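Here is the structure we will look at.
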Amino acid sequence: MLKGLNPQQKAAVEYLDSPLFLSAGAGSGKTKVLTHKLAYLVKEKGIRPHRILAITFTKKAANEMAERVGRMLGIEPRWISTFHSFCVKVLREDVEGLLMPFDRRFVIYDEDDCARVLKDVLRRFNRDPREAQAAREVISKAKQEYRSSIVDHIRALAYPASTFAETAKEYQNELERSNAMDYDDLLYFTVRALSDSPEVRKKWQEKFDYVMIDEFQDTNDIQFQLIKLLAGGKKGLFAVGDFFQCIYTWRGSRPSNIGRFIREFRAREMRLEKNYRSMRKILDVANVVVSRVDCNWSDTVLQLRTDTEEEGEVKYVGRSDGISEGIWIAEKIRELSADYKYSDFAILIRMAFLSRALESVLMQYQVPYTIVRGLAFYDRAEVKDLLSYLRLISNHRDKAAFERIINTPSRGIGKKGLSLIRESFRTDWLQALRETKLPQRQRLNVDELIKTIEKHADSVEERPYTVLMDLLGEVGYFDHLRKEHGEDFEERRENLSELANVLEKLEEEGRPFSEFMEDSLLSSDQDRIGSEDSVKILTLHAAKGLEWPVVFMPALEEEIFPSAKSMLSEAALQEERRLFYVGTTRAKERLYLSSAELRMKFGQTMSMMRSRYVNEIREHLKG
DNA sequence: CTTAGGAAACTTTTT
DNA sequence: GTTTCCTAAG
């Protein structure tokens, strides 16, 4: 289990005397330490694999870790997962019987569903539904900070955040009536379950002999709370992180959790600074960037070292506009494609909209590419519509699903009809649909819908594919598509047949529909990176933890990277710098930086200034 | 209630 | 350049 590890890695694997924090620089082999440590605990220390809990940042990291450990041990430990999917497991077992307004079949709402609910609530309070985004952020933050009363906490905030207190209350009521949780709720209610019930706490504390957490710099308050509850004084506690790669403070990460972990758990601290990923020139640049990152809680500056003799290449080019920048990238990829596969290339962008220009150029040059976020498959309107039908059929309380499909295809139910139906809601939407008084034409349409829902209610869980195929005809969905989206009807039908394929496979394997929904909601962008041989285009955030032989970082321009909004605060600028560091350290052999003088933004051509980061590393660039 | 047309906002980053 | 929201006529 210790073979192939350097002395520092080996020390971290073997150390068991107290909780341990491992500060692991980019490319220093932290995943290796995590997997070897897990295997070591099982093989050398006789701990049973399912008594080890390992929490990772993304599902992709969890799967990879499980697979690697599986190869070493012959079995895959059961408890390698993300915070969110771990919480779902806890809640499915223990949410009932805790005086909580959910039952174990609760569903998870994505941002779209949450926005739907929030907009409706805001409208009822005579407020602008466009505030939904702001309200969502306030509510999310309050839950992440884990206050005993979310509503009181919001009321006490500074204006205008405080005005969302009532909104938050009603939003939560609506989620509870739908038996639905948002992403934050998964953590919030898990922590509540563990803190409120000594029995539940004991059960989960005793389940694990050893707890390890990856990417610790990006944990938030409530996640720290959860770890504390699970730790329950055990010394088998191991966290790995790198302050310099903390890039999620905007959504609540607390890099200070590192210091807190060391203090509160009296953890031993170890470091890994030897880099096994990047060639020398890339590391030189990364070290310049990292030396400018403020880190006031540590006196030792991170300095990555490597033994490799190979130099690699770092190059910067400036181009006149976004298109010629794209052309330069496409030609470079062509030139290098003699020595590399397409999947060896990644283009890392600061903002999603930057993928547009790149996309059209790569298409012209016939370079196969995959945009990792773009529009995710499950975000397509037609896919969401049909999934909402299935959701409503399986959970008659699902408000977001109900509102999505009640008038899709059109049943003549508009604002008026919808508010009548909402008023009759008592137990679920099926009941509300039955009891609402409606004009005759609408009544007939709604009766059809009720019949459809009732007909499939018992089979949707086991036979989602069969139900989907029936549904398409019964509600006349293709007619609706042809009428509403004549131009790209074919494309949309393709998407639906892809959904059908997925569900057919699910049905054949005998996996339930709810499990499928859960999986797709808890997977990250990274999980959607396939193994196909194509150039990957993704945001820097999505690139965290990944690596490629050749990395492009285009659009290095002021107001893009660093972003305009980050310039308002020093803390945000610091985070941008860390993000730039994360970007440069994704590259193994070649790193190509570029910028353009003119760039299309909001459909207008803007004149851009070269990013400060390019100037800072100038002496390390050639060309 | 639907539809068409036009204004306005929109771009950080996401489990 | 695109999506989303609003309005006024049918």
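Bear in mind the structure is a predicted one, so any value in this text is a computation, not a measurement.
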Are any of [X]'s side-chain N or O atoms less than 4.0 Å away from OP1 or OP2 of [N]?
X: Ser410(A); N: dT2(B); value: yes
X: Asn220(A); N: dT15(B); value: no
X: Lys601(A); N: dG1(C); value: no
X: Thr539(A); N: dT14(B); value: yes

[X] [atom1] to [N] [atom2], straight-line distance once rounded to whole Å:
X: Leu568(A); N: dT13(B); atom1: CG; atom2: P; value: 16 Å
X: Leu438(A); N: dC1(B); atom1: CG; atom2: C1'; value: 13 Å
X: Arg251(A); N: dT15(B); atom1: CZ; atom2: P; value: 6 Å
X: Asp110(A); N: dT14(B); atom1: CG; atom2: P; value: 15 Å
X: Trp250(A); N: dT13(B); atom1: CH2; atom2: P; value: 8 Å
X: Glu111(A); N: dT15(B); atom1: CD; atom2: C1'; value: 9 Å
X: Leu186(A); N: dT14(B); atom1: CG; atom2: C1'; value: 14 Å
X: Ile55(A); N: dT15(B); atom1: CD1; atom2: P; value: 17 Å

Which comes earlier along DNA chain B counting from the 5' end, the contact point of Gln133(A) or that of Ile413(A), where each point is its nearest nucleotide? Ile413(A)
Closest to the 5' end of DNA chain B, once Phe602(A) and Asp184(A) are matched to their nearest nucleotides, is Phe602(A)
Give one of base, sugar-phosphate or nothing for [X], where a contact means two heavy atoms less than 4.0 Å apart.
X: Lys119(A); value: sugar-phosphate
X: Tyr248(A); value: sugar-phosphate
X: Gln442(A); value: sugar-phosphate
X: Ser85(A); value: nothing

As a quick check of understanding, evaluate side chain to side chain contact (heavy atoms under 4.5 Å, CB included) for Phe83(A) and Thr219(A), giving each step before the final call. CA-CA 9 Å; Phe83(A) 273 107; Thr219(A) 54; 3.9 Å; yes
Any side-chain donor near an acceptor of the partner, Asp184(A) and Gln144(A), under 3.5 Å: yes
Parallel, tilted or perpendicular for [X] and [Y], by the 30°/60° rule?
X: Phe106(A); Y: Phe102(A); result: perpendicular
X: Trp429(A); Y: Phe402(A); result: parallel
X: Trp79(A); Y: Phe86(A); result: perpendicular

For dT13(B) and dT4(C), measure between their C1' atoms and round to the nearest Å. 22 Å
Nearest-neighbour nucleotide for the [X] side chain, [options] considered:
X: Arg130(A); options: dT13(B), dC6(C), dT2(C); value: dC6(C)
X: Phe353(A); options: dG1(C), dT11(B), dT13(B); value: dT11(B)
X: Lys416(A); options: dC1(B), dG1(C), dT15(B); value: dC1(B)

Please identify which of these residues, Val95(A), Thr190(A), Leu175(A), meets the side chain to side chain contact (heavy atoms under 4.5 Å, CB included) condition with Met181(A). Val95(A)
